**Student:** 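Next up is a structure, given as structure tokens.
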Amino acid sequence: SPNNLEEVNFEGIKTEIRSYNKRASIYFTSIKYGALKSVYGVTEPSHKLMAFSGIAKPQLFINHLKSNYDLVKHIDFKDHHSYSEKDLKEIVGKLTPEMSLVTTEKDMVKLIKPEFEHVMKGLSIFYLPIEAYFLKDGKRFDDQIQNSIREYSY
């Protein structure tokens with residue numbers, strides 16, 4: 001959900017969901033990004049970035065980078081893209097010395113494979129950590145999970 005969702009919107013969305021499922025537990029979350037983190041040891045990103053991602057809707061990622069850095073280019077892959085060495089060499093080939101490379105946390109885990117290290121090691125490459133948080137009712141969610149665990153424990 002947008003992090004500025006108003007109470008009236010919460011109720012309207014709940015009403016719509018309940019028209020399909022009367023018993024559904026409904027919670028509202030949003031996301032926030034952390035500071036860029038290094039993938040291969042370079043500690044500070046350049047202000048100029050080239051980004052790449054394989055996520056369904058990259059606009060929030062792109063907007064965040066644009067609002068905090070000079071995003072020179074974004075290379076968009078399909079959601080759940082499985083990166084190849086060829087992909088990475090093409091990406092790296094577009095970098096200039098004054099740029100850092102940045103990707104999503106989801107895509108970063110696909111890059112830390114031994115077979116990619118020779119392509120990526122030594123580069124200024126970072127990922128953008130993401131965190132979900134509750135807009136409201138987080139404690140109610142935690143309690144529901146704990147109750148479910150107790151109910152299904154043997």
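Just so you know, these numbers use all the heavy atoms, side chains as well, and skip hydrogens, waters and symmetry mates. A quick note: this is a predicted structure, and the numbers were derived from the prediction, not measured.
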**Student:** Is a donor on one side and an acceptor on the other found under 3.5 Å between the side chain of Ser38 and the backbone of Thr43?
**Tutor:** no
**Student:** Between NZ of Lys32 and CD of Glu131, what distance do you get to the nearest 0.5 Å?
**Tutor:** 4.5 Å
**Student:** With heavy-atom distances below 4.5 Å as the criterion, would you say the side chains of Leu36 and Leu49 are in contact?
**Tutor:** yes
**Student:** Looking only at atom types and distance, does a side-chain atom of Asn21 sit under 3.5 Å from a main-chain N or O of Ala24, one as donor and one as acceptor?
**Tutor:** yes
**Student:** May I ask you to decide if Ser100's main-chain N or O and Ser124's side chain share a donor-acceptor pair within less than 3.5 Å?
**Tutor:** no
**Student:** Are Phe10 and Leu135 side-chain neighbours, meaning at least one heavy-atom pair lies under 4.5 Å?
**Tutor:** yes
**Student:** Quickly, which of Leu123, Ile112, Thr103 forms a side-chain contact (heavy atoms from CB on, under 4.5 Å) with Val39? Name it, please.
**Tutor:** Ile112
**Student:** Taking ring-ring contact (aromatic ring centres under 6.0 Å, His included) as the test, write out the residues that go with Phe116, two or more places apart.
**Tutor:** none
**Student:** Should the ring pair Tyr83 and Phe77 be called parallel, tilted or perpendicular, given that the plane angle runs from 0 to 90° and is split at 30 and 60?
**Tutor:** perpendicular
**Student:** Could you tell me the separation between the CD1 atom of Ile55 and the CD atom of Glu105, rounded to the nearest 0.5 Å?
**Tutor:** 11.5 Å
**Student:** What residues form a side chain to side chain contact (heavy atoms under 4.5 Å, CB included) with Val109, not counting sequence neighbours?
**Tutor:** none
**Student:** Could you name each residue pair satisfying salt bridge (charged side-chain N to carboxylate O under 4.0 Å, His left out) that touches residues 61-72, not counting sequence neighbours?
**Tutor:** Lys48-Asp70
